[in-house]
Each structure stands twice: as C-alpha cells, then as structure tokens.
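Read the structure below first, then the notes.
Since the model is a prediction, treat every value here as computed from it, not as a measurement.
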Amino acid sequence: MRQEEEFTNSGIEIGLYTLGDICPDPYTGTTISARQRIKEIIEAAKLADEAGLDIFGVGEHHRLDYAVSATPVMLAAIAQKTKHIKLTSATTVLSTVDPVRLFEDFATLDLLSDGRAEIIAGRGAFVESFPLFGFDTNDYDALFSENIDLFLKLNENERISWEGHFRSSLSNAEIAPRPLQKQLPIWVGVGGSPESATRAGRLGVGMAIAILSGDPARFKPLVDLYRKVGTETGHILESLKVGITGHGYISKTTQQAKDEFYPYYSNYWSYVNRQRGMGGTISRADFDKMTAPDAALFVGSPQQIIEKILRQYELFGHQRFMAQIDIGGIPFKKVAEGIELLATEVAPIVRKETSK
C-alpha cells in the first residue's frame, strides 16, 4: 500500500496514461468489449493510486475501436475509486469541444476528486471528432487557438464577457462551478511542432511531449524554445513545466520485456496503420532498434527504464514522466504487473535521483 512519505512528490512525477484502444489479442484474435476495457482502465488507475504513482491520464477518441470518448465521465468514475493520484485527460481534443462545457466538466471533476483534476489539451492526431461535432478540418489550428485562449480566461474568471469566431459570444456569463484548486492545471500536448511549443510558452501552460520513436534528443530544441518563449513573455521559469510521455513495457529482464512486448507492439502499429489507411508492420529488427538505450521506447527491466528516464531528464530537466503500457491487446494481468514494477522499482529511484 502507498505510504504517507511518498506523498512528498520529491523529484519528477511518475505516472501512466491510456487511450483505451480495443485491439484484438495477437495470439487469440479475440477482442474484449468496451465495457470490459473501461472496467480494466478503472482498475489500473486504482492499482496505480494504491502503489503510489502520481498521475493517471485517459485519452479521447470517437471511434468504435476505442473505449473512451467521454473522458470527464471516465475520470469521475476513477476519482471515486482513488484517493491521491492526479487525474488528467490525455489528451482533450480542444479544437472540437466547447471550452465552457469543458471547464464545467473538469471543475466538477476537481470538486469530486478533492482537487486532483488536470487537462492535457491537443489538436488531435485523429480527426473523426471534426465531422462528428460539425467542425471543418480547415479550421484545425484556428479552432484550437481560439478555444485555448477562451479556456484560460474561463479558468481565471468567475464571470466573463467574450467574443470569438466559432462559438456564441458571452456577456457577463457566470462560469460555474469553480474548481477546488485556484485554477485547473492545463498542459498542451505537443507532437513535435515548434509552433505548438511556442504557443505553450507564450501562454505559460505546461507542455507534454509525446516521444514515440527515434532519438529523444531531437526534442531538446522544442523544450529550449518553449522555455525561451515562456520567459521572454514574462512567465516564471519554474512555472513552465515539461512532461514526457511515451510507450512502455517493464519486465524482470530487458530481454524478457522485449520478447513479451514485441507481438503486442507490432500488433498495435499494424492496427493503427490500418485505421489510417496505411499498411506496414514493425519488424523485430526495427523494434529492437526502437528499444535501444538511446531510443524512445521505454521497454526493458526496471533498471533499463530508470536509465532511460534519467537520460532524458539530463536532456530536458522535465517535471513529469507518463507511460502508456496497455496497448496492442496486452492482457490486464501484464498491465497490472507493469504498474507494480513502475511504482515499486522504478519510481522511487527516479524520484530520488531527480530531487538532488
């Protein structure tokens, strides 16, 4: 069980996120139901909370092959099963959601969870929400810019008057309820765009970077740009928080982790590529390169994962690390084992080393 001294949060925060994909098991070909997937996500969050992890995120998709479209509802359910862990979207497709409704949902979540709600907002790698909610993909960036600016104003003010291009104006509107926290923490999800890093720095919000392949060092210019723009805009450096997210899998040895994870990871990418109308699979040779010590995937023994996180910490000096460990049809038993290893063997050492 989680101990009181673990709540000090010294060093970087360690956590998990899920997108709730419903992927056929590569060994059996069977696919679990959305109902079962949702129950397993809630149980994973409960285990993460009990084990002492710091943050749990839930993504948003509007497709039959993903279980979660109503992220605030999921996080509210998780809030009732957990006590300490922070709860965040990962990510909210801010371009296609009404900022007022979003604020109300997450302010309510904050009250339900005793002040644990956060938001990671992004433009969305998938675009199915645009036609679903009546938006034009030609307005992809303009929608996000307007909506995040409005959301930040809602976060600061109980009453607001506002005019924009894509939604109705607000005239001395009451924005309720107010969250338990003074303001809801908001991060911008960044996939590699300097424009997104510049925006996050200018707004003074956190920046969550998804590093899924290649050499993580290629993202250092983005982090430097974010901090440069943020400080030049007048934000305090300590408030410009960076989070690193990526795919991961932990087992007792690095070789065991690679052998166990490869079928699921290859399955995951084949599945995602088919969703996008693309072909191709990941060979074992390519996978082994992607899991090398200087590559992006967090796959290996606890010691290997520790070394990877600390290597990236030397690059970025980030405040948060989040791993997605439940992709490609991985059985929940393996997910639960990964949570335990991350919480008990990885997190304590990483926190200690990054609190120096």
Side-chain angles (χ1 to χ4, degrees), residues 7-18 45 48-49 53-60 71-72 74-76 78-79 82-94 97 99-123 144 147-158 175-190 196-197 199-210 223 226-227 229-231 233-245 316-322 351 354:
F7 301 152
T8 59
N9 265 343
S10 58
I12 68 173
E13 294 179 316
I14 306 291
L16 300 166
Y17 71 101
T18 179
D49 181 59
L53 292 178
D54 301 299
I55 183 83
F56 192 88
V58 178
E60 169 194 341
T71 305
M74 276 294 299
L75 292 175
I78 291 170
T82 57
K83 296 179 179 179
H84 305 288
I85 200 164
K86 295 177 182 178
L87 305 174
T88 185
S89 59
T91 65
T92 293
V93 184
L94 189 53
V97 64
V100 177
R101 176 80 269 181
L102 179 69
F103 181 86
E104 291 177 341
D105 285 346
F106 275 81
T108 302
L109 172 65
D110 202 52
L111 296 174
L112 284 169
S113 65
D114 294 326
R116 292 186 279 141
E118 298 192 7
I119 295 172
I120 301 176
R123 290 180 292 178
F144 184 84
N147 284 357
I148 194 166
D149 286 337
L150 174 55
F151 185 88
L152 293 176
K153 289 180 173 67
L154 300 169
N155 211 12
E156 294 173 355
N157 301 285
E158 292 185 355
I175 307 303
R178 304 309 297 178
L180 184 63
Q181 299 176 83
K182 184 177 180 181
Q183 292 185 9
L184 293 170
I186 182 164
W187 304 59
V188 169
V190 176
S196 295
R199 177 189 283 120
R202 175 177 57 81
L203 297 174
V205 298
M207 182 173 73
I209 307 174
V223 175
Y226 163 68
R227 289 178 174 145
V229 171
T231 53
T233 309
H235 301 291
I236 301 171
L237 182 60
E238 289 73 19
S239 70
L240 299 171
K241 296 184 177 181
V242 175
I244 302 299
T245 71
F316 308 122
H318 51 293
Q319 287 74 35
R320 176 177 290 178
F321 167 75
M322 296 176 68
R351 289 182 185 130
T354 56

- Residues that E158 engages under salt bridge (charged side-chain N to carboxylate O under 4.0 Å, His left out), provided they are two or more places apart: none
- With sequence neighbours excluded, tell me which residues meet side chain to side chain contact (heavy atoms under 4.5 Å, CB included) with V223. M207, I209, R227, V242, F316
- Distance from T245 atom OG1 to L16 atom CG, nearest 0.5 Å? 12.0 Å
- Item | Distance-minimising heavy-atom pair for H318 and I12 | O-CG2, 2.9 Å
- Got K83 and D49 here, is their nearest side-chain heavy-atom distance under 4.5 Å? yes
- Go through the structure and list residues passing side-chain hydrogen bond (donor to acceptor under 3.5 Å, both in side chains) with T92, not counting sequence neighbours. S89
- Euclidean distance, I55 CD1 relative to I14 CD1, rounded to 0.5 Å: 11.5 Å
- Item | Residues E13 and K241 bridged, charged N to O under 4.0 Å | no
- Task: Name all residues meeting the side chain to side chain contact (heavy atoms under 4.5 Å, CB included) criterion together with L240; count only those two or more places apart in sequence or in a different chain, and write none if there are none.
- Result: Y226, T231, H235, L237
- Can you sort out the partners of N155 under side-chain hydrogen bond (donor to acceptor under 3.5 Å, both in side chains), two or more places apart, ordered by chain and number? none
- Side chain to side chain, F106 and P72, heavy atoms closer than 4.5 Å: yes
- Item | Set of residues satisfying side-chain hydrogen bond (donor to acceptor under 3.5 Å, both in side chains) with respect to N147, sequence neighbours excluded | none
- Can you name the closest pair of heavy atoms from V58 and L75 and give their distance? CG2-CD2, 3.7 Å
- Nearest heavy-atom neighbours spanning A117 and P185: O-CD, 3.3 Å
- Item | Contacts of type side chain to side chain contact (heavy atoms under 4.5 Å, CB included), residue A79, not counting sequence neighbours | L87, L109, S113, R116
- Using side chain to side chain contact (heavy atoms under 4.5 Å, CB included) as the criterion, list what pairs up with A121, not counting sequence neighbours. L94, I119, F144, I186
- Answer yes or no: is there a donor N or O on one side and an acceptor on the other, between the side chain of Q319 and the main chain of G317, under 3.5 Å? yes
- Message: If the condition is side-chain hydrogen bond (donor to acceptor under 3.5 Å, both in side chains), which residues does Q181 pass it with, not counting sequence neighbours?
- Response: D110
- Stepwise, does the side-chain contact (heavy atoms from CB on, under 4.5 Å) test hold for D105 with V97? CA-CA 11 Å; D105 285 346; V97 64; over 6 Å; no
- Message: Tell me every residue that passes ring pair (Phe, Tyr, Trp, His ring centres under 6.0 Å) with F103, counting only those two or more places apart in sequence or in another chain.
- Response: F151
- Query: Are E156 and K153 ion-paired here, with the side-chain N under 4.0 Å from a carboxylate O?
  - Reply: no
- Message: Please find the pair of heavy atoms, one from V190 and one from A197, that lie closest to each other, and give the distance.
- Response: CG2-N, 4.4 Å
- Considering non-hydrogen atoms only, spot the tightest contact between A200 and G206 and give its length. CB-O, 4.3 Å
- Could you list the residues that satisfy salt bridge (charged side-chain N to carboxylate O under 4.0 Å, His left out) with R123, not counting sequence neighbours? D141
- Please name the pair of heavy atoms, one in A48 and one in I85, separated by the smallest distance, quoted to 0.1 Å. CB-CD1, 3.8 Å
- Query: Heavy-atom distance under 4.5 Å between the side chains of T18 and F56, does that happen here?
  - Reply: yes
- Query: For the atom pair CD1 (I120) and CE (M322), what is the distance rounded to the nearest 0.5 Å?
  - Reply: 5.0 Å
- May I ask you to test the T91-T71 pair for a side-chain heavy-atom distance under 4.5 Å? no
